[in-house]
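As the structure is a computational prediction, the values presented were derived from the model and not from experiment.
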Amino acid sequence: MDELESFIDETIRRAAEHGYVPTVFIKMRRDYGTVSAISRLVRTGDTQTGFTRLNELGLRDWTIEAAVLRFPDCFDRNDRASAAWRLDQATAGGEEHHG
């Protein structure tokens with residue numbers, strides 16, 4: 001779990017270096033914990049603004065979806081499937097901006 005926490009800390013740092021601070025995720029992480037916050041976000045049907053922004057910045061490997069696949073033992077099958085689907089959509093060019 002510590003590796004996941006470090007990965008997410010690095011994700012936030014890299015995003016900030018590119019001018020994007022994921023304030024909603026940071027608040028969710030503080031309120032619910034890292035794993036629960038990530039699960040809540042990847043389970044929604046909507047593409048998250050953070051995913052879209054990181055993808056646009058060339059940081060797809062640092063999204064929470066990438067974290068789910070990198071640390072699969074921390075997440076359930078549904079979380080892994082949702083994260084993989086979203087990453088596949090972005091790779092295929094099917095990613096749309098929703099807001």
Side-chain angles (χ1 to χ4, degrees):
M1 191 74 83
D2 292 339
E3 288 182 37
L4 172 62
E5 298 291 338
S6 295
F7 179 87
I8 295 299
D9 289 342
E10 182 66 9
T11 292
I12 293 168
R13 187 188 70 73
R14 286 176 183 241
E17 281 182 352
H18 286 82
Y20 172 64
V21 180
T23 53
V24 172
F25 174 71
I26 291 168
K27 181 181 183 325
M28 287 182 70
R29 186 182 184 201
R30 184 175 55 243
D31 292 348
Y32 304 115
T34 300
V35 171
S36 182
I38 291 172
S39 291
R40 287 168 183 255
L41 290 169
V42 298
R43 288 181 187 183
T44 66
D46 298 331
T47 299
Q48 301 301 315
T49 303
F51 180 83
T52 301
R53 283 296 309 261
L54 291 174
N55 191 39
E56 289 169 351
L57 294 169
L59 298 172
R60 186 180 305 150
D61 291 343
W62 292 96
T63 61
I64 61 171
E65 290 78 6
V68 170
L69 300 184
R70 186 171 180 160
F71 302 98
D73 293 343
C74 296
F75 301 94
D76 70 21
R77 182 172 37 104
N78 292 331
D79 292 344
R80 292 190 305 268
S82 295
W85 182 84
R86 194 167 289 151
L87 287 166
D88 286 347
Q89 289 297 107
T91 302
E95 192 60 44
E96 296 178 13
H97 181 67
H98 293 288

Within-4.5 Å side-chain heavy-atom neighbours: [X] and [Y]:
X	Y	answer
F51	L87	yes
N55	Q89	no
V35	D79	no

message: Keeping T44 on the side-chain end and L41 on the backbone end, is there a donor-acceptor pair under 3.5 Å?
response: yes
message: Show every ring pair (Phe, Tyr, Trp, His ring centres under 6.0 Å) that has at least one partner inside residues 52-74, sequence neighbours left out.
response: F7-W62, F7-F71
Kindly give the heavy-atom pair with the smallest separation between [X] and [Y], and that separation in Å.
X	Y	result
A90	R60	O-NH2, 3.7 Å
R43	S82	CA-OG, 4.5 Å
F75	A67	CE1-O, 4.3 Å

Residue list, side chain to side chain donor-acceptor pair (under 3.5 Å) with D61, at least two apart or on another chain: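 Checked D61 against side chain to side chain donor-acceptor pair (under 3.5 Å); zero matches.
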Under the side chain to side chain contact (heavy atoms under 4.5 Å, CB included) test, which residues partner [X], sequence neighbours left out?
X	answer
V24	M28
D9	R29
R77	R80

Hey, what do you get for [atom1] ([X]) to [atom2] ([Y]), rounding to the nearest 0.5 Å?
X	Y	atom1	atom2	value
T52	E56	OG1	CD	6.5 Å
T34	E5	OG1	CD	3.0 Å
I38	L4	CD1	CG	5.0 Å
D31	I26	CG	CD1	12.0 Å

field: Pair listing, side chain to side chain donor-acceptor pair (under 3.5 Å) test, anchored in residues 14-24, at least two apart
entry: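 Those involving residues 14-24 are E10-R14, R13-E17.
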- line: The side chain to side chain contact (heavy atoms under 4.5 Å, CB included) partner of I64 among I8, T11, L54 is I8
